[in-house]
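As structure tokens, the structure follows; a few thoughts come after it.
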Amino acid sequence: MPIQILMPALSPTMEEGKLARWLVKEGDEIHSGDLLAEIETDKATMEFEAVDEGRLGKILVPEGTEGVKVNQPIATLLAEGEDASAGAAPAAAPEKTSGNGAACEPAKAQAKVGDIASAMQSIRHALSEHAPPPTAGQARVFATPLARRIAAASGVDIAALKGSGPHGRIVKADVEAAGARPSPRPAAPKPASAAESAVSPASATFAGVGALPDAKLFFKPEDYEEIPHDAMRKSIARRLLSAKTLAPHYYLTIDCRIDELLAARARLNDTSPKGEGGYRLSVNDFLVKAAALALLRVPEVNASWTDNAMLRHRHADIGVAVALDFGLITPIVFRAEEKGLVAISNEVKSLAGRARTKKLKPQEYEGGTFAISNLGMFGIREFTAIINPPHAAILAVGSGEERAVVRGGRVEAAQMMTVTMSCDHRVIDGATGARFLRHFRLFVEDPAAMLL
């Protein structure tokens, strides 16, 4: 029997990926370790190696296919003497299963569709029959929940409309035909009846319960361009929504004087050798080193939350946020406390360059113990960032700028930089976060202290 080649899980969190390119063709001899294909995950493009030997039989998933689930058959591998048609999977799409895991036969699937249609018809009938009774002097209004929401959002009196739906029911088209265009700031809708709330989650969500309403509700199709989400944007949305809603954030802000840091940076860059071995240090390189050393001073911040225990990390693995044209990624400088400024600088440049071409390996951007997000180069004075699990904190760095400060009773000009740390209160208490920032500011304001 042919061996099925399955879509690999190239990282612990990978659920699906894009089969970007086949590196072999049907009939090719395959040996263990040969490169079979390029797989594109949400953040990187990686090469997929063969494990078994044989001859490539049939390619089940063509290159360029997106959303291929992990462990889905993508090709077959034939042993010596086997025919390509033997045991080949009929389709690339994963087999649909019933609730108990058994494959659904077409007839059963069709029956299920019929059952769903029948159930929906019953629901529509229930809504019509159990609509709230009219008040005295008020005619009974039959309208779909969607038509009611659009009318409420645009301020249209739905009772004044004539319905074109079944039995004179008012539908979405009737509201739009009346010249209604929903406003981005809709008025609160009327409370839904018990029947509507039970079968129309959108009614409840529109009233402020659960998810937000679909943005398409508020705009006409000709007024916007629809750009489908790619895998990275979906991943960013899932992770940040989860992090923001599950981790109790609080924020600590501190100002750092960076005159000495800028002077030290200029001196070191001026002494950089020309050609091979040369370097160009950035302010961010100093901040990565300062954060790593501060984590050693306050190890309670260098931790991660789990349901059963706190994970106290032995090394400062600093994630550095890198903005990409297609999203955001946070490659990691591992054991930053052990590395010098030049090593950190070279590593960050290499990681950022490969991130922009989606050539990072999962182990280079997954994990870490702390993160830094620097928007200073864009002129942002200060901001707050969302924690990137499994980290318990992230440092948001603003731009350095000349400000008036008071020293010894005198007003003088100084280069100042504002940083804000977002903390997971499950892991880091307020006083603990404050102690970390105090040590961080010490290293930033006196870079020579990093040598101690």
For E222, does the CD atom have more than 12 heavy-atom neighbours from other residues, nucleotides or ligands under 6.0 Å away?
yes
State whether the side chain of S350 and the backbone N or O of E347 hold a donor-acceptor pair below 3.5 Å, judged by distance alone.
no
Verdict with supporting geometry, L36 and I5, side chain to side chain contact (heavy atoms under 4.5 Å, CB included):
CA-CA 10 Å; L36 297 180; I5 300 174; 4.2 Å; yes
Are the side chain of Y365 and the backbone of L351 linked by a donor-acceptor contact shorter than 3.5 Å?
no
I'd like to know if the side chain of D230 and the backbone of R233 have a donor-acceptor N/O pair within less than 3.5 Å.
yes
Write down the atom of A336, the atom of V288, and the distance for their closest heavy-atom approach.
CB-CG1, 4.2 Å
To the nearest 0.5 Å, tell me how far M450 CE sits from F286 CZ.
6.5 Å
Donor-acceptor pair, D214 side chain versus K216 backbone, under 3.5 Å?
yes
Output the distance between atom CG (L252) and atom CG (L437), rounded to the nearest 0.5 Å.
6.0 Å
Are K25 and D28 ion-paired here, with the side-chain N under 4.0 Å from a carboxylate O?
yes
Answer whether the closest heavy-atom distance between the side chains of P362 and M46 falls below 4.5 Å.
yes
Taking atom CZ of R314 as the centre, does the number of heavy atoms from other residues, nucleotides or ligands within less than 6.0 Å exceed 12?
no
Give a yes or no on whether the backbone of E29 and the side-chain of H31 come within a donor-acceptor separation of less than 3.5 Å.
no
Are V333 and K339 close enough, and set up right, to give a side chain to side chain contact (heavy atoms under 4.5 Å, CB included), and what steps lead you there?
CA-CA 9 Å; V333 179; K339 297 174 179 176; 4.3 Å; yes
Distance (rounded to the nearest 0.5 Å) between N71 CG and Q4 CD
10.5 Å
Walk me through it: do V427 and M310 pass the test side chain to side chain contact (heavy atoms under 4.5 Å, CB included)?
CA-CA 8 Å; V427 180; M310 204 83 75; 3.8 Å; yes
Please work out which of the three classes, parallel, tilted or perpendicular, describes the rings of F219 and Y224, given edges at 30° and 60°.
perpendicular
For residues A392 and A303, report the shortest heavy-atom separation together with the two atoms involved.
CB-O, 3.3 Å
Quick one: side chain to side chain donor-acceptor pair (under 3.5 Å) pairs with a partner in residues 440-452, sequence neighbours left out?
none
Between OG1 on residue T369 and CZ on residue R335, distance to nearest 0.5 Å
12.0 Å
Give every residue pair that meets the side chain to side chain donor-acceptor pair (under 3.5 Å) criterion with at least one member in residues 377-397, sequence neighbours excluded.
R239-N388, R381-E401
Whether the side chain of H249 engages the backbone of I387 through a donor-acceptor N/O pair (distance < 3.5 Å, no angle test) should be reported.
yes
When rounded to the nearest 0.5 Å, the distance separating OG of S422 from CD1 of I386 is 8.5 Å
Between D255 and T418: side-chain donor-acceptor atoms closer than 3.5 Å:
yes
State plainly whether the residues E15 and K69 are in salt-bridge range, i.e. N to O under 4.0 Å.
no
Tested for ring pair (Phe, Tyr, Trp, His ring centres under 6.0 Å) against H425, the lone hit among Y250, Y251, W305 is Y250
Which atom names give the shortest non-hydrogen contact between L35 and V24, and what distance separates them?
O-CG1, 3.7 Å
Is the shortest side-chain heavy-atom distance between V342 and N346 below 4.5 Å?
yes
When you compare the side chain of V405 with that of R257, does any pair of heavy atoms fall below 4.5 Å?
yes
Nearest heavy-atom pair of L360 and P331: which atoms, and what distance?
CD1-CB, 4.0 Å
What I'd like to find out is whether the side chain of M416 reaches to under 4.5 Å of the side chain of E402, using heavy atoms alone.
no
Would you say E225 and I227 make side-chain contact, with heavy atoms under 4.5 Å?
yes
Test item: E49 and D34 side chains (from C-beta on) under 4.5 Å apart, heavy atoms
no
If the threshold is 4.0 Å, N to carboxylate O, is there a salt bridge linking R312 and E300?
no
How far apart are the C-alpha atoms of E364 and I332, what are their side-chain angles, what is the distance that settles it, and do they pass the side chain to side chain contact (heavy atoms under 4.5 Å, CB included) test?
CA-CA 6 Å; E364 293 179 308; I332 302 163; over 6 Å; no
Output the distance between atom NZ (K220) and atom CG (D223), rounded to the nearest 0.5 Å.
7.0 Å
Given 3.5 Å as the limit, does a donor-acceptor pair link the side chain of T76 with the main chain of K58, or not?
yes
Assign the ring pair F440 / F436 to parallel, tilted or perpendicular, where the plane angle (0 to 90°) is split at 30° and 60°.
parallel
Decide whether S272 and N269 meet the rule of one side-chain donor and one side-chain acceptor closer than 3.5 Å.
no
Does some side-chain heavy atom of V397 sit less than 4.5 Å from a side-chain heavy atom of M417?
yes
Closest contact, heavy atoms only, I236 versus L328
CD1-N, 3.5 Å
Is a side-chain N or O of E26 found less than 3.5 angstrom from the main chain of I59, in a donor-acceptor match?
yes
Please check this pair: side chain of T432 against backbone of I428, looking for a donor-acceptor N/O pair closer than 3.5 Å.
no
Contact between I74 and L60 at the side-chain level, heavy atoms closer than 4.5 Å - yes or no?
no
Which atom of G400 lies closest to which atom of I258, heavy atoms considered
CA-CD1, 3.9 Å
Does K244, at its NZ atom, have more than 12 non-hydrogen atoms belonging to other residues, nucleotides or ligands within less than 6.0 Å?
yes
Under a 3.5 Å distance rule, please check whether K289 uses its side chain to pair with a backbone N or O of E337 as donor and acceptor.
yes
